[in-house]
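Numbered from 1 within each chain, the chains take letters A, B, ... in sequence-line order. Since this is a predicted model, take the numbers as computed values, not measurements.
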There are 2 protein chains.
Amino acid sequence: MCAALGDETRLSLVATLSGGERRSIAELTATARVTRQAISKHLRVLESVGLVRGARAGRERLFELDPAPMRELGDYLGRVSAQWDQALSRLKALVED
Amino acid sequence: MCAALGDETRLSLVATLSGGERRSIAELTATARVTRQAISKHLRVLESVGLVRGARAGRERLFELDPAPMRELGDYLGRVSAQWDQALSRLKALVED
DNA sequence: GTAATATGCAACCTGGAGGTTGCAACTATG
DNA sequence: CATAGTTGCAACCTCCAGGTTGCATATTAC
């Protein structure tokens, strides 16, 4: 269930899109080492998770990064690290005392 | 390459072991929904990554959590979240301005 | 010694993620 | 309209993590 960014190809897609400009599937394929179909699949996954938005524009389909979930991810990491701090101090207390 | 805690079984193993007491494979299997062999494999993986330590004790093999990598993980999360803060402000600047 | 317990080892099965290929459909351009 | 470019759809392939089963090995209990 590596649902999102565990994959290298997918991560590089997000990295490319984090440039801020909207890219077509063909463009995104150009800089990748896999088939257009593979890219297309990944984009669909990323879109279904909400990390990315795609919209038709003429005969091509332009994708852009959706910053909202990124911000959520930031908050999440913040909360998680806070929990970790607590968990770690508990663990330390348990082990080092 | 879901190397460590992405898996449910493995995560629950760590959770159980975070109780602090050393557990045999049989004990760990008792509370799990999979075979002893599966548990054994998971423990070997966790051991190879350094999250867990196992040592023979008579005819059984007792496993305990190794807190050190957990602490490292905490530090790591801290650093990552810091990087995220920076990345997010850059992203925000890019999008919201 | 013998039986029961706890583990190790090895072969095998399975589902799904990541890729590819081939073809059909739509759009722009001349 | 014909043609080239961009995408969608579907079938197929391969690899491997997670599991299972069966048997061998060690250790304790009797």
Side-chain angles (χ1 to χ4, degrees), chain A residues 1-66 69-70 73 76, chain B residues 1-66 69-70 73 76:
Chain A
M1 198 175 290
C2 286
L5 297 182
D7 179 67
E8 182 188 358
T9 306
R10 215 137 52 195
L11 185 58
S12 79
L13 278 178
V14 172
T16 301
L17 286 179
S18 68
E21 303 181 359
R22 306 200 298 174
R23 306 272 186 185
S24 72
I25 296 183
E27 286 173 329
L28 290 172
T29 303
T31 64
R33 287 188 305 284
V34 292
T35 316
R36 171 181 61 85
Q37 304 298 339
I39 298 295
S40 198
K41 279 191 187 178
H42 281 302
L43 286 173
R44 213 165 314 171
V45 172
L46 289 173
E47 193 175 22
S48 77
V49 179
L51 276 177
V52 139
R53 262 178 326 217
R56 269 235 113 98
R59 64 182 159 190
E60 48 190 12
R61 189 141 194 263
L62 297 183
F63 281 88
E64 63 181 340
L65 204 64
D66 186 352
M70 291 300 193
L73 183 55
Y76 172 73
Chain B
M1 197 176 289
C2 285
L5 297 182
D7 180 67
E8 183 188 356
T9 306
R10 215 136 53 197
L11 185 58
S12 78
L13 278 179
V14 171
T16 301
L17 286 179
S18 68
E21 303 181 358
R22 305 201 297 174
R23 306 273 185 184
S24 72
I25 297 182
E27 285 172 330
L28 290 171
T29 302
T31 65
R33 287 187 306 283
V34 292
T35 317
R36 171 182 62 86
Q37 305 298 340
I39 298 295
S40 198
K41 279 192 186 178
H42 280 303
L43 286 173
R44 213 164 315 169
V45 172
L46 289 174
E47 193 173 24
S48 77
V49 179
L51 275 178
V52 139
R53 264 178 324 217
R56 271 235 110 101
R59 65 181 157 190
E60 49 189 13
R61 191 143 194 263
L62 297 183
F63 282 87
E64 64 181 341
L65 204 64
D66 186 351
M70 291 300 192
L73 183 55
Y76 172 73

Next item on the list: Report, as yes or no, whether the 6.0 Å neighbourhood of atom CD on Glu47(B) holds more than 12 heavy atoms from other residues, nucleotides or ligands.
Entry: yes
Check: Do any side-chain nitrogens or oxygens of His42(B) fall under 4.0 Å of OP1 or OP2 in dG19(D)?
Finding: yes
Next item on the list: Considering just the side-chain nitrogens and oxygens of Arg61(A), establish if one lies under 4.0 Å of OP1 or OP2 belonging to dG8(D).
Entry: yes
Check: Hey, does Ala26(B) reach any base, or is it just sugar-phosphate, or nothing, if we go heavy atoms under 4.0 Å?
Finding: sugar-phosphate
Note to self: Is Thr35(A) close enough to dT20(C) that one of its side-chain N or O atoms is under 4.0 Å from OP1 or OP2 there?
What the structure shows: yes
Checklist line | Partners meeting salt bridge (charged side-chain N to carboxylate O under 4.0 Å, His left out) with Arg22(A) (sequence neighbours left out) | finding: none
Check: Using the C1' atoms of five pairs at each end, what's the angle between the two axes of the helix from dG1(C)-dC30(D) to dG30(C)-dC1(D), to 10 degrees?
Finding: 10°
Next item on the list: To the nearest 0.5 angstrom, please state how far the CG atom of Leu13(A) sits from the NE2 atom of His42(A).
Entry: 7.0 Å
Check: Can you check the Leu11(A) CG to dG18(C) P distance for me, whole Å?
Finding: 13 Å
Check: Going from CZ on Arg33(B) to CD1 on Ile39(B), what distance comes out if it is rounded to the nearest 0.5 angstrom?
Finding: 10.0 Å
Check: Which whole-number value in Å describes the distance from Leu13(A) CG to dG18(C) P?
Finding: 12 Å
Check: So, is Arg10(B) near the phosphate of dG18(D), with a side-chain N or O under 4.0 Å from OP1 or OP2?
Finding: yes
Check: What is the distance, rounded to the nearest whole Å, between atom CZ of Arg33(B) and atom P of dG18(D)?
Finding: 15 Å
Can you check nucleotides 9-15 of chain C for protein contacts, nitrogen or oxygen pairs under 3.5 Å, and list what you find?
unit_1: dC9(C); atom_1: N4; unit_2: Gln37(B); atom_2: OE1; d: 2.7
unit_1: dC9(C); atom_1: N4; unit_2: Gln37(B); atom_2: NE2; d: 3.1

Check: Side-chain N or O of Arg59(A) less than 4.0 angstrom from OP1 or OP2 on dT29(C)?
Finding: no
Checklist line | Non-hydrogen atoms of Glu60(B) and Ser24(B) that approach each other most closely | finding: OE1-CB, 3.7 Å
Note to self: Checking contacts here: which listed nucleotide (dG18(D), dG8(C), dT20(C)) is nearest the side-chain heavy atoms of Ala38(A)?
What the structure shows: dT20(C)
Notebook entry, point to check: For Arg56(A) and dA25(C), what is the distance between atoms CZ and P respectively, to the nearest whole Å?
Noted result: 14 Å
Next item on the list: Check whether any side-chain N or O of Ser18(B) sits under 3.5 Å from a backbone N or O of Ala15(B) as a donor-acceptor pair, and report yes or no.
Entry: yes
Checklist line | Between CG on residue Leu17(A) and CD on residue Glu27(A), distance to nearest 0.5 Å | finding: 10.0 Å
Item checked: From Thr16(A) atom OG1 to Arg23(A) atom CZ, the distance as rounded to the nearest 0.5 Å -> 7.0 Å
Check: What is the distance, rounded to the nearest whole Å, between atom CG of Leu62(B) and atom P of dG8(C)?
Finding: 11 Å
Check: So does Thr9(B) get a side-chain nitrogen or oxygen closer than 4.0 Å to the phosphate oxygens (OP1/OP2) of dG18(D)?
Finding: no
Notebook entry, point to check: Atom CZ of Phe63(B) to atom P of dA6(C): distance rounded to whole Å?
Noted result: 15 Å
Item checked: Backbone N/O of Arg36(B) and side chain of Ser40(B): donor-acceptor pair under 3.5 Å -> no
Note to self: Are there over 12 heavy-atom neighbours, none belonging to Arg56(A), within less than 6.0 Å of that residue's CZ?
What the structure shows: yes
Next item on the list: Using whole Å, report how far CD1 of Ile39(A) lies from C1' of dG8(D).
Entry: 16 Å
Next item on the list: Report the residue (Ala57(A) or Val34(A)) whose heavy-atom-nearest nucleotide on DNA chain C is the more 5′ of the two.
Entry: Val34(A)
Check: When the distance from CD of Glu47(A) to P of dG8(D) is rounded to whole Å, what number comes out?
Finding: 9 Å
